[in-house]
There are 2 protein chains.
Amino acid sequence: MSQREAGIDLDTSLGYLLKEAASALRTAMEEVLRPLGMNVTHYSCLELLAQRPGLSNSELARGAFVTRQSMNTLLQALERDGFVTRPAAPPVGKALPARLTPRGRQSLEAASAAVRSVEERMLSGLTGEDRSEAFRILRSMTRALREGPVDS
Amino acid sequence: MSQREAGIDLDTSLGYLLKEAASALRTAMEEVLRPLGMNVTHYSCLELLAQRPGLSNSELARGAFVTRQSMNTLLQALERDGFVTRPAAPPVGKALPARLTPRGRQSLEAASAAVRSVEERMLSGLTGEDRSEAFRILRSMTRALREGPVDS
DNA sequence: CACGGTATGTCAGACTCCTGACATGAGTCA
DNA sequence: TGACTCATGTCAGGAGTCTGACATACCGTG
């Protein structure tokens, strides 16, 4: 019965399609990151730090869509392995600004190229206008979901 | 420094936006499903069974984007709690067709309404044309990601 | 018929991530 | 100054999911 799994009515649900696309993207990313010894959260953390040096643990967690606890565990491993550095004492408050080491930057380079190729493949069937539309629509969806969590 | 977390260059990446939207959707869904004692996988399983009675464990796993081991664990709990039923022996092959019990159908009803309201909120800022575009674009993305996992 | 390839259900172990909780530091306001 | 609120880092425990493995059942080709 596995020959014809199509036809599920859920295929008309944009929520389901969104989840499906995100799942496919995650799978494709993990596929190219695995040979480099990384997973998606791992890569996301490094990419965030490359573009915004000095982000704190909590900020990285929000950017990678995980909890600060998970990001903290990851950061400790990344620090132990020499990919990122954090000062021993917080310069202000409690936030410890993290930065990439040269090794971290080098490790990111290959991963970033791999991920870019995946993203390019994802967009290969879309025109420039399609991409602009996708940008606008996805941002609208995210904003609408976040702004009205309260039941009215 | 938490006041201004915006401006990350990743905001121009459709891959990141896709992940962001999916994360927001998942969070919103979990938020409305938690009071009902469900999580997203739980709901997905029931919704799939409502629309396609008799799906096997493996088919449900693919539909909910988890492994068949995870779905098997969930199905055993759902069966134990009387939400779904499976025949003691497979009618053909090894696949055990699962079906909702009346209790499962009733439990799904409230959850389905809650999830529909979340999806409606997500789409509230989009026109009918936007939704058609989103449908086409998301399907294109998913297909492109799945068709070419091999490096060329 | 025998065989290999594919798909399924299930068990066991390990891992990731989350929820809950606590203490600390900064800002706000009386 | 002191109390309150918020954000952060971190620890402990648990729920959920995955990887790996095994046995079984169908289907194709030889």
Side-chain angles (χ1 to χ4, degrees), chain A residues 1-5 19 22-23 26-27 29-31 33-35 37-45 48 54-80 84-98, chain B residues 1-5 19 22-23 26-31 33-35 37-46 49 54-81 84-99:
Chain A
M1 75 291 294
S2 61
Q3 295 293 75
R4 29 186 307 92
E5 81 275 5
K19 187 175 175 180
S23 172
R26 184 176 192 86
T27 299
M29 284 178 65
E30 279 173 347
E31 200 166 318
L33 288 176
R34 192 186 319 270
M38 286 194 197
N39 61 28
V40 174
T41 308
H42 192 123
Y43 159 75
S44 298
C45 176
L48 281 164
L55 281 185
S56 71
N57 175 35
S58 291
E59 291 169 323
L60 287 169
R62 282 192 292 269
F65 312 110
V66 296
T67 60
R68 353 174 243 179
Q69 291 88 338
S70 298
M71 182 56 72
N72 188 29
T73 304
L74 173 61
L75 266 183
Q76 287 175 351
L78 290 178
E79 201 172 6
R80 167 175 52 79
V84 306
T85 45
R86 284 190 290 180
V92 57
K94 291 193 69 179
L96 291 170
Chain B
M1 73 294 289
S2 61
Q3 295 291 75
R4 31 186 305 93
E5 81 276 4
K19 188 174 175 181
S23 172
R26 184 177 192 88
T27 299
M29 285 178 66
E30 280 173 348
E31 200 167 319
L33 288 175
R34 190 186 319 268
M38 286 194 197
N39 60 29
V40 174
T41 308
H42 191 124
Y43 158 76
S44 297
C45 177
L46 265 51
L49 280 179
L55 282 185
S56 71
N57 175 36
S58 290
E59 291 169 323
L60 287 169
R62 282 192 291 268
F65 311 110
V66 296
T67 61
R68 44 179 217 258
Q69 291 90 335
S70 298
M71 182 56 73
N72 189 30
T73 304
L74 173 61
L75 266 183
Q76 288 175 349
L78 290 177
E79 200 171 7
R80 166 175 53 79
D81 297 342
V84 307
T85 45
R86 285 188 292 180
V92 57
K94 290 194 71 179
L96 291 170
R99 293 180 182 277

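Letters A, B, ... are given to chains in the order of the sequence lines, protein chains preceding strands, and every chain is numbered from 1. What you see below is based on every heavy atom in this structure, not just the backbone, and it leaves out hydrogens, waters and symmetry mates.
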Whole Å only: how far is the CZ atom of A:Arg26 from the P atom of C:dT16?
13 Å
Just the rounded figure in Å: distance from C1' of D:dA25 to CG of B:Leu96.
12 Å
Any B:Thr67 side-chain nitrogen or oxygen under 4.0 Å from OP1 or OP2 of D:dC18
yes
Rounded distance (Å) that lies between atom P of C:dT16 and atom CZ of A:Arg68:
21 Å
Would you say B:Asn72 places a side-chain N or O within less than 4.0 Å of OP1 or OP2 belonging to C:dG9?
no
N or O in side chain of A:Asn57 less than 4.0 angstrom from D:dG9 OP1/OP2:
yes
d(B:His42 NE2, B:Asp81 CG) to nearest 0.5 Å is 8.0 Å
From CZ of B:Arg62 over to P of C:dG9, roughly how many Å is that when rounded to an integer?
9 Å
NZ of A:Lys94 versus P of C:dG25: gap in Å, rounded?
7 Å
Contact under 4.0 Å: A:Ser58 side-chain N or O vs D:dG9 OP1/OP2
yes
How long is the line joining CD of B:Glu59 and P of C:dT6, in whole Å?
19 Å
Residue-phosphate contact under 4.0 Å: B:Gln76 side-chain N/O, C:dC11 OP1/OP2
yes
Looking at B:Ser56, I'd like to know whether one of its side-chain N or O atoms comes within less than 4.0 Å of OP1 or OP2 on C:dG9.
yes
To the closest 0.5 Å, what do you measure between CG (A:Leu74) and CE (A:Met71)?
5.5 Å
Could you check which of C:dA26, D:dT8, D:dT17 has an atom nearest any side-chain atom of B:Ser70?
D:dT17
Can you tell me the distance, in whole Å, between the CZ atom of A:Arg34 and the P atom of C:dT16?
13 Å
So, OP1 or OP2 of D:dT17: does either fall under 4.0 Å of a side-chain N or O from B:Thr41?
yes
Nearest-0.5 Å distance that lies between atom OG in B:Ser56 and atom NZ in B:Lys94
12.0 Å
